[in-house]
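Below is one structure; the comments refer to it alone.
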Amino acid sequence: MAEPSLYERLGGVFAIAAVVDHFSDALVKNAVAGETSENPQLRDWATNHLERLPGLKFMRTLWVCNVAGGPFSYNATKPGSTPLGLEEAHRAFQITPDEFDEVAAELARSLDHFNVPPREKDEVLAAFAAHKGEVTEGSIASN
């Protein structure tokens, strides 16, 4: 019998959506990546574009479901050179590696909030970390 997918072990779309909802709200308040960020692009998004947050939560939920082996597909809104197009979706934000790491830490705190077991937590964080280069490409290109 095959081992359940990460998607199944996380509890499916409803459990994933709960984590994404918590994470997304916390990220807006995050001092490094949110409304008081030193990065003007991130600060602007977190203070002036929150009408887009429900759609972003939806896209983030699809992304996690997709990378966790669930039955949902994520399609980039701004296709790029990678299958997920994350570099184009994030380029204008000029996200630095340190900012990315803080976003990952916020994700870890959200996973902890829902008592996600260590193995699954590590797998989610590894899937997130695998895209650091794409997400931070804008900051590297602007240097």
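Below, each value reflects all heavy atoms present in this structure, side chains not excepted, and no hydrogens, waters or symmetry copies.
- In this structure, the side chains of Leu125 and Leu111 come closer than 4.5 Å at one or more pairs of heavy atoms.
- Looking at heavy atoms from C-beta onward, Val20 lies out of side-chain contact with Trp63 at the 4.5 angstrom threshold.
- For the atom pair CG of Asn39 and CZ of Phe93, the computed distance is 9.0 Å after rounding to the nearest 0.5 Å.
- Side-chain atoms of Thr36 and Arg43 include no donor-acceptor pair closer than 3.5 Å.
- Closest heavy-atom contact between Ser139 and Gln94: CB-O, 3.4 Å.
- Side-chain atoms of Asn66 come within 3.5 Å of backbone atoms of Tyr74 as a donor-acceptor pair (strictly under, hydrogens ignored).
- The pair Lys132-Glu99 fails the salt-bridge criterion, with no side-chain N (NZ, NE, NH1 or NH2) lying under 4.0 Å from an Asp/Glu carboxylate O.
- In this structure, His22 and His113 have parallel ring planes: the angle between them is below the 30° cut-off, well short of the 60° mark.
- Within the 4.5 Å cutoff, the side chain of Leu27 has heavy atoms near those of the Arg60 side chain.
- Hydrophobic clustering (side-chain heavy atoms under 4.5 Å, transitive across Ile, Leu, Val, Met, Phe, Trp, Tyr) keeps Leu50 apart from Val32.
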* Asked: Step by step, would you call Leu53 with Asp25 a side-chain contact (heavy atoms from CB on, under 4.5 Å)?
  -> CA-CA 9 Å; Leu53 190 56; Asp25 290 344; 3.7 Å; yes

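- Two residues are said to be in side-chain contact when any heavy atoms from C-beta on lie closer than 4.5 Å; Val103 and Phe23 meet this criterion.
- Residues Leu62 and Ser73 are not in side-chain contact: their nearest non-hydrogen atoms beyond the backbone lie 4.5 Å or more apart.
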* Mind running side-chain contact (heavy atoms from CB on, under 4.5 Å) on Gln41 and Ile95 for me, showing each step along the way? => CA-CA 9 Å; Gln41 292 83 1; Ile95 297 168; over 6 Å; no

* To do: Decide yes or no on side-chain contact (heavy atoms from CB on, under 4.5 Å) for Trp45 and Leu56, but give the supporting numbers first.
  => CA-CA 12 Å; Trp45 197 97; Leu56 185 57; 3.7 Å; yes

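- Listed by chain and residue number, Asn30, Glu102, Ala105, Glu106 satisfy the side chain to side chain contact (heavy atoms under 4.5 Å, CB included) test with Arg109 (two or more places apart in sequence, or in another chain).
- By the side chain to side chain contact (heavy atoms under 4.5 Å, CB included) test, Lys29 pairs with Glu35, sequence neighbours left out.
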Identify every side-chain donor-acceptor pair in residues 7-16 under 3.5 Å, counting partners at least two apart or on other chains, and give the distances.
residue: Tyr7; atom: OH; partner: Val13; partner atom: N; Å: 3.1
residue: Glu8; atom: OE1; partner: Ser5; partner atom: N; Å: 2.7
residue: Glu8; atom: OE1; partner: Ser5; partner atom: OG; Å: 3.3
residue: Arg9; atom: NE; partner: Pro4; partner atom: O; Å: 3.2
residue: Arg9; atom: NH1; partner: Glu120; partner atom: OE2; Å: 2.9
residue: Arg9; atom: NH1; partner: Glu123; partner atom: OE2; Å: 3.1
residue: Arg9; atom: NH2; partner: Glu123; partner atom: OE1; Å: 2.9
residue: Arg9; atom: NH2; partner: Glu123; partner atom: OE2; Å: 3.4

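- When every heavy atom of Phe100 is checked against every heavy atom of Thr136, the shortest pair comes out as CB-CG2, 3.8 Å.
- Between the side chain of Asp112 and the backbone N or O of Asn115 there is no donor-acceptor pair closer than 3.5 Å.
- Using a 4.5 Å heavy-atom threshold, the side chains of Val19 and Ser110 count as touching.
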